[in-house]
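Notes follow once the structure below has been shown.
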Amino acid sequence: MSIIHHPSDATLAAFASGTLDEARGIVVAAHLALCAQCRNGVHAFEEAGGALLDDVEPAVLSAGALQRAMAALGPLDIISPAIRGAAAVSDLPAPLSHYAVGPWRWIGRGVQWRPVEVASDEGVRVFMLKAAPGTKLPRHRHTGTEWTCVFEGAFTHDLGRYGSGDFDEADESVEHNPVVDAAHGCVCLVALQGHIELQGWLGRLIQPFVRI
Amino acid sequence: MLRDGQAAAGNSAADWIRAIAEGQDRAAFASLFEFYAPRIKAMLTRLGAAADAAEDLAQETLLTVWRKAGYFDPARASASAWIFTIARNLRIDRLRGDNRAKLYAPYEMVEPEGPENPDSALNAAERDARVRAALKELSQEQVRVLQLSFFEGRAHGDIAALLNLPLGTVKSRVRLAMARLRNLLGDLQ
């Protein structure tokens with residue numbers, strides 16, 4: 001698999017620092033599970049986090065803090081090999097195994113939708129999309145960010161072709177009309193902030209019937 | 001930006017963790033605690049935690065370091081980065097109460113087969129030196145936006161208000177600082 005499109009450095013850093021919201025974090029984690037280069041990137045930012053931690057001006061602890069910690073020391077954990085393949089029990093990509101995922105539902109010609117239950121205080125919804133080969137999605141723009149990780153197949157829009165493992169980090173300035181790969185269709189995971197606004201007369205006509 | 005004494009303490013941290021793993025060395029734990037607990041409390045406070053919650057989490061982070069000392073692998077991360085990730089995961093878990101901490105498990109789980117690129121594997125001291133050198137290469141301004149964005153979890157808009165700069169300028173500075181750091185760190189493994 002050759003991955004061409006990756007999350008931005010700012011996104012990898014936010015993930016590494018733990019400040020990225022959960023909903024968008026799921027899509028980033030899905031990409032990381034497939035992309036060694038970005039795992040290295042996250043590790044690099046974690047190292048930077050460690051260096052920043054070493055350098056921060058220390059706070060004052062309450063009296064007796066060390067003694068309380070010493071008194072709480074118990075036995076060490078026994079090292080067990082990492083539980084390999086735990087995620088493979090589910091047919092879902094690894095990061096989704098922690099979440100309730102709804103059934104596939106048709107939302108339009110050739111397009112199915114499957115919600116991932118995750119709360120978001122930034123109005124971000126997470127869902128999987130499965131589109132039939134050759135599906136042309138209507139030209140649309142977003143009221144917020146739209147982050148996508150491709151699992152199978154591919155889609156193409158103005159900014160290039162997005163195949164398996166690719167990450168599309170679209171913000172509110174992007175307006176596009178993705179076309180799904182003619183041979184393989186496309187399965188992807190999306191974190192959508194706000195909603196999409198369909199463009200053109202046809203889009204405006206069908207907007208009321210489109211749930212996403 | 002970094003004082004030399006702190007870098008030295010960062011380096012001996014790996015030895016302290018090993019002493020805990022190999023002999024439940026309580027003196028080594030005390031040294032680790034005295035260095036890291038006040039810093040973790042400071043970091044969590046800057047991220048918005050109340051002082052007592054931040055201290056509880058700092059305590060819990062160090063107790064987790066004790067329990068999991070045997071899992072520390074200096075070939076994969078420096079001691080400070082490892083402790084940073086433990087504090088990060090506990091913060092998410094306790095203060096946010098969402099599932100996010102679990103998001104770090106799958107990609108950490110992919111690793112045990114070894115470094116992604118064994119040829120470029122660095123030992124802990126080399127990597128530590130490289131990270132510090134990289135941070136020193138950044139301008140004060142870049143370090144500031146990096147700290148605000150990365151360390152204090154500020155959104156671009158927040159940083160713009162704090163630094164009294166146009167949002168576009170802040171966005172491009174954050175992007176530049178991150179790219180520069182990433183570039184300087186290279187394929188750090």
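What you see is a predicted model, and the numbers here were worked out from it, not measured in a lab. Computation of the quantities below employed the complete heavy-atom set of this structure, encompassing side-chain atoms and omitting hydrogens, waters and symmetry-equivalent molecules.
Expressed to the nearest 0.5 Å, how far CZ of B:Arg39 lies from CG of A:Leu53 amounts to 8.0 Å. Rounded to the nearest 0.5 Å, atoms CG (A:Leu73) and CZ (B:Phe29) are 4.5 Å apart. Taken to the nearest 0.5 Å, the CD atom of A:Glu46 stands 10.0 Å off from the OG atom of B:Ser78. Atoms OG1 and CZ, on A:Thr19 and B:Arg91 in that order, are 7.0 Å from each other to the nearest 0.5 Å. Here the straight-line distance linking atom OG of A:Ser17 with atom CG of B:Leu47 works out to 7.5 Å at 0.5 Å rounding. A distance of 10.5 Å separates CG in B:Leu63 from CE in A:Met70, rounded to the nearest 0.5 Å.
Here B:Pro38 is the residue among B:Ala21, B:Pro38, B:Ala81, B:Ala87 with the most heavy-atom pairs under 4.5 Å with chain A. Ranked by heavy-atom pairs under 4.5 Å with chain B, the first of A:Leu61, A:Ile26, A:Ile78 is A:Leu61. If you tally non-hydrogen atom pairs under 4.5 Å between each of B:Glu34, B:Lys41, B:Glu55 and chain A, the highest count goes to B:Glu55. Of the residues considered (A:Ala30, A:Ala65, A:Ala119, A:Pro75), A:Ala65 shows the highest number of contacts with chain B, using heavy-atom pairs under 4.5 Å.
Heavy atoms only, all atoms of each residue included: B:Gln59 and A:Ala69 are closest at OE1-CB, 3.3 Å. Among all heavy-atom pairs drawn from B:Arg76 and A:Glu47, the shortest one is O-OE2, 4.4 Å.
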Show the numbers, then the answer: is there a side chain to side chain contact (heavy atoms under 4.5 Å, CB included) between A:Leu52 and B:Phe84?
-> CA-CA 9 Å; A:Leu52 290 170; B:Phe84 171 80; over 6 Å; no
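The main-chain N or O of A:Gly50 is never found under 3.5 Å from a side-chain atom of B:Trp82 such that the two would form a donor-acceptor pair.
A:Val60 touches chain B through its backbone: at least one of N, CA, C or O sits under 4.5 Å from a heavy atom, while the side chain does not.
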